[in-house]
4 protein chains.
Amino acid sequence: MGAQQAAEETRPASARVQRKRGRRIQTIVTTAAELFGERGYDAVNLEDVAERLDVTKGSLYYYFSSKDELATAAIETLGREWTARLEALLAGMSGTPAERLRALIHEHVTIAVRDHPAALRVFLVPREWPDAQHERIKTLRQEHNRLFRTLIEEGVAAGEFTVTSVGTVLQCMHAAMSQAPLWCSDLPEPARSRAIDEVTGTLMMLVGIAPA
Amino acid sequence: MGAQQAAEETRPASARVQRKRGRRIQTIVTTAAELFGERGYDAVNLEDVAERLDVTKGSLYYYFSSKDELATAAIETLGREWTARLEALLAGMSGTPAERLRALIHEHVTIAVRDHPAALRVFLVPREWPDAQHERIKTLRQEHNRLFRTLIEEGVAAGEFTVTSVGTVLQCMHAAMSQAPLWCSDLPEPARSRAIDEVTGTLMMLVGIAPA
Amino acid sequence: MGAQQAAEETRPASARVQRKRGRRIQTIVTTAAELFGERGYDAVNLEDVAERLDVTKGSLYYYFSSKDELATAAIETLGREWTARLEALLAGMSGTPAERLRALIHEHVTIAVRDHPAALRVFLVPREWPDAQHERIKTLRQEHNRLFRTLIEEGVAAGEFTVTSVGTVLQCMHAAMSQAPLWCSDLPEPARSRAIDEVTGTLMMLVGIAPA
Amino acid sequence: MGAQQAAEETRPASARVQRKRGRRIQTIVTTAAELFGERGYDAVNLEDVAERLDVTKGSLYYYFSSKDELATAAIETLGREWTARLEALLAGMSGTPAERLRALIHEHVTIAVRDHPAALRVFLVPREWPDAQHERIKTLRQEHNRLFRTLIEEGVAAGEFTVTSVGTVLQCMHAAMSQAPLWCSDLPEPARSRAIDEVTGTLMMLVGIAPA
DNA sequence: TATGAATGAGCGTTCATTCAT
DNA sequence: GATGAATGAACGCTCATTCAT
């Protein structure tokens with residue numbers, strides 16, 4: 001490849017190419033996220049990822065230099081999307097802190113149970129992951145926690161919530177929400193929604209809101 | 001060698017040997033339980049287990065016929081001991097359901113945080129384990145749950161507890177208690193005890209008991 | 001890349017690749033057949049096969065998913081080729097049943113002694129092989145036997161042959177032909193051909209044809 | 001152990017002890033011969049041998065310094081016993097060479113089919129065995145062949161037998177007799193005896209004796 | 001860009017052999 | 001003499017990674 005061609009590529013052509021590359025990467029990352037979520041880091045091999053994408057193993061290395069890097073990207077994507085959905089929910093609603101917290105928990109559990117039964121492997125047992133991911137997971141979780149923390153503190157300040165310790169409530173809440181897929185995901189539909197509602201109601205009690 | 005001598009010597013020797021073998025097996029199982037707990041089934045290899053025991057990999061096969069069998073034994077031991085400690089606690093105390101539940105939660109979290117930071121891998125993410133263990137884990141967890149369930153139902157019947165659904169409360173409680181090691185185990189001592197107390201107080205809210 | 005180009009390029013390339021893969025597999029199977037024949041299933045390890053092919057053990061798994069499968073392919077190849085050669089011989093000749101049987105025996109022994117001293121391990125001691133191969137071997141041997149059986153029955157019907165029992169004659173004949181490499185293969189050339197002739201003449205006596 | 005005691009043991013006590021040791025060794029060797037015969041050298045492990053003898057693996061090393069040595073002894077025993085039985089048969093009978101050869105073949109096949117379906121592994125595929133055994137097997141087989149050879153040469157000299165080459169007839173005969181267990185051993189009793197008779201009759205044709 | 005092929009380190013498992021008691 | 005325990009080398013197999021094309 002000549003230098004000139006290279007120069008041509010880094011500008012206009014390259015923009016289209018890079019967008020394409022970006023989309024390709026997203027496809028891969030999303031697929032990887034599904035698999036890592038379903039089975040965990042160790043139990044996923046690149047052959048599986050490649051097969052689900054209908055490419056060969058070797059191709060993955062054109063986009064990611066290692067399994068670790070792919071996993072990092074997958075987690076990143078998972079975390080971002082999740083937080084974005086929760087933020088979107090909050091942005092579009094008003095009401096008392098209790099109403100909003102209830103909606104937030106409900107949404108979180110719904111995402112976990114319906115879309116990412118996967119994710120508990122990521123957020124629940126971070127030690128399963130290589131150190132590189134470990135830190136990133138922590139950060140993502142903090143961003144994620146921020147949404148809940150803000151709301152809870154608001155409710156406490158308003159005298160609406162009663163808590164022992166905000167930090168502890170967050171940890172417990174998160175643990176329960178993340179593990180919910182274990183007992184909810186396999187339920188047939190009417191029962192599954194009911195189960196999600198129950199979890200939501202139960203977790204509201206952590207801030208002192210009695211069941212309806 | 002006469003038959004009598006044989007009767008006097010061979011059998012008692014065999015009994016001693018038997019006991020020795022039993023102890024050896026316990027040592028191995030305990031070590032294995034630690035490692036499986038720390039890293040999960042996939043990430044533990046028999047070389048690691050052997051090294052920690054200061055023997056070679058092959059020796060493990062003198063006692064266990066496969067990694068699976070070793071894992072099964074490790075889980076079994078872990079589960080039994082845990083349940084036994086909780087049962088012992090309940091057997092030695094009286095008081096209102098709230099007092100007893102508080103003690104039970106406190107003990108569970110203490111065991112998890114201090115003695116088996118390990119165990120969350122086992123009880124929290126059962127899907128990580130081969131099918132053979134999967135069922136056994138379920139059973140152990142049920143026995144374990146029974147202690148909590150009985151107490152909660154008693155409290156509800158006495159009008160002392162308020163719950164959305166006993167089953168859901170159990171699941172959430174268990175999830176939080178099991179994950180507690182993640183944020184408590186590495187704390188220095190006075191803080192750790194305080195953290196355990198906070199978790200206890202927070203989880204009592206799941207049955208409608210307000211913080212002190 | 002346009003769809004047409006893809007159609008013109010990807011498929012033909014894939015066809016060439018396919019053929020290349022086929023050739024590679026044949027090379028491996030042939031090499032494996034030699035080794036299995038020389039030493040038997042148990043005594044051959046994949047390291048040996050790989051070394052003779054000048055690749056690493058792991059590479060074999062790109063083509064065969066287990067030692068068993070490789071062995072099956074090796075046996076299949078061996079059996080097919082052998083039967084094909086015998087069929088080709090018969091197709092190209094006429095004459096009395098005795099003449100044709102003599103030629104058939106001679107060819108079989110020649111193949112065994114010169115080309116596959118190997119094969120006795122396969123056809124002589126089927127119990128040495130895993131069950132998967134066991135059945136396949138039986139089938140191959142039956143196809144193989146069919147050629148001899150047809151001819152012998154023809155000779156018997158024509159009153160040219162005298163036998164105790166066709167089945168038993170086939171078994172004895174096969175046993176001797178297969179084991180011939182043991183005492184013939186290491187002979188220097190003029191003696192080896194003579195030995196093969198003697199075996200042929202001797203085995204013709206099993207159908208009542210006296211030596212020349 | 002004091003020198004005196006040793007001195008005492010090497011004489012009178014030692015005789016009894018040594019006989020005992022000899023009997024013990026015979027038991028082990030016989031058992032090993034069975035197993036090697038059933039499964040072949042590679043597929044037999046010392047654990048199996050020990051278990052069948054109801055001792056531990058380690059004990060075998062008190063009598064044999066390696067698996068190889070045990071195998072050698074097993075083959076030796078097998079071969080000796082076999083030859084002895086054939087010699088005994090011949091010693092106790094008279095008649096024409098044909099009558100005696102027929103009896104000899106019949107006895108050989110009967111032993112093979114009924115008592116040592118085993119043995120084909122030993123005598124049919126000597127290459128399966130370590131070099132140490134290889135030579136010994138050859139020798140045993142020669143002794144064994146001698147019985148047949150003598151008889152055949154006698155029959156030829158008497159004009160009763162017609163052969164292409166005595167050596168070749170012996171090889172073919174041996175091959176067939178040894179492999180007979182493969183198709184006879186699993187037959188139910190009346191059929192098995194008949195099959196043995198058929199093999200005998202068929203093999204007599206190798207020396208020019210027509211079926212009855 | 002993408003593929004098919006190959007590599008090599010590592011893992012679970014087996015087994016002949018050794019040895020203290 | 002015999003046992004229980006341990007060892008270490010080897011084997012079948014997996015998989016992340018590399019690379020020529």
Query raised in the report: Is any side-chain nitrogen or oxygen of A/Ser59 closer than 4.0 Å to OP1 or OP2 of E/dA2?
Result: no
Query raised in the report: Of all the nucleotides listed (F/dT3, E/dT7, F/dT17), which has the minimum atom distance to the side chain of D/Val55?
Result: F/dT3
Query raised in the report: Under a 4.0 Å N-O cut-off, is there an ion pair linking C/Glu34 with C/Arg52?
Result: yes
Query raised in the report: Between D/Asn45 (side chain) and D/Asp48 (backbone), is there a donor-acceptor pair under 3.5 Å?
Result: yes
Report summary line: Separation of E/dA5 atom P from C/Leu60 atom CG, nearest Å, is 14 Å
Requested in this report: Have a look at D/Lys57 and say if it touches a base, only the backbone sugar-phosphate, or nothing, with a 4.0 Å heavy-atom cut-off.
Outcome: base
Query - Within 45° cone and under 6.0 Å: B/Arg21 NZ/CZ vs B/Tyr62 ring - result: yes
Query raised in the report: When we call it a touch if two heavy atoms are under 4.0 Å apart, what does C/Phe64 touch: a base, just sugar-phosphate, or nothing?
Result: nothing
Query raised in the report: Nearest of E/dT13, E/dT1, E/dT17 to any side-chain atom of A/Tyr62?
Result: E/dT1
Query raised in the report: Rounding to a whole Å, what distance do you find between A/Leu46:CG and F/dT18:C1'?
Result: 13 Å
Query raised in the report: Checking all strands, does D/Arg21 fall into the base, sugar-phosphate, or nothing category for heavy-atom contacts under 4.0 angstrom?
Result: sugar-phosphate
**Report entry** Protein-nucleotide distance (B/Arg19, atom CZ; F/dA5, atom P), rounded to Å
**Finding:** 13 Å
Query raised in the report: Does D/Lys20 or A/Ser66 map to a spot on DNA chain F nearer the 5' end, using the closest nucleotide for each?
Result: D/Lys20
Query raised in the report: Which of these nucleotides, E/dT1, F/dC13, F/dG4, is closest to any side-chain atom of A/Val17?
Result: E/dT1
Report task. May I ask you to evaluate whether A/Arg24 reaches the phosphate of E/dT1, defined as a side-chain N or O under 4.0 Å from OP1 or OP2? Result -> no
**Report entry** Closest to the D/Tyr61 side chain, choosing from E/dT13, E/dT17, F/dA2
**Finding:** E/dT17
Query raised in the report: What is the distance from NZ of A/Lys67 to C1' of F/dA16, rounded to the nearest Å?
Result: 8 Å
Requested in this report: Indicate yes or no: at least one non-hydrogen side-chain atom of C/Tyr41 is less than 4.5 angstrom from one of D/Asp42.
Outcome: no
Query raised in the report: Is B/Lys67 positioned over the aromatic face of B/Phe36, cation under 6.0 angstrom from the ring centre and no more than 45 degrees off axis?
Result: no
Query - Nearest-angstrom distance from the residue atom CG of C/Asp42 to C1' of E/dC15 - result: 13 Å
Report task. Starting from the 5' end of DNA chain F, give me the residue, C/Val44 or B/Tyr63, whose nearest nucleotide shows up first. Result -> B/Tyr63
**Report entry** Any donor-acceptor N or O pair under 3.5 Å, side chains C/Ser14, C/Gln18
**Finding:** no
Query - Closest to side chain of D/Asn45, choosing from F/dA16, F/dG4, E/dC15 - result: E/dC15
**Report entry** Minimum side-chain heavy-atom gap C/Ile75-C/Trp129 below 4.5 Å
**Finding:** yes
Requested in this report: Could you check how far CD1 of B/Ile28 sits from C1' of F/dA6, rounded to whole Å?
Outcome: 11 Å
Report summary line: note: B/Leu70, atom CG; E/dG12, atom P; distance rounded to Å ~ 10 Å
Query raised in the report: CD of A/Glu47 versus C1' of F/dC13: gap in Å, rounded?
Result: 15 Å
Query raised in the report: Is D/Val49 touching bases, backbone alone, or none of the nucleic acid, heavy atoms closer than 4.0 Å?
Result: nothing
Query raised in the report: So what stems show up for DNA chain E if we need 3 or more Watson-Crick or G-U pairs in a row, all under 3.5 Å?
Result: E:2-21 with F:2-21
Query raised in the report: Within the side chain of A/Ser65, is there an N or O that forms a donor-acceptor pair under 3.5 Å with the backbone of A/Tyr61?
Result: no
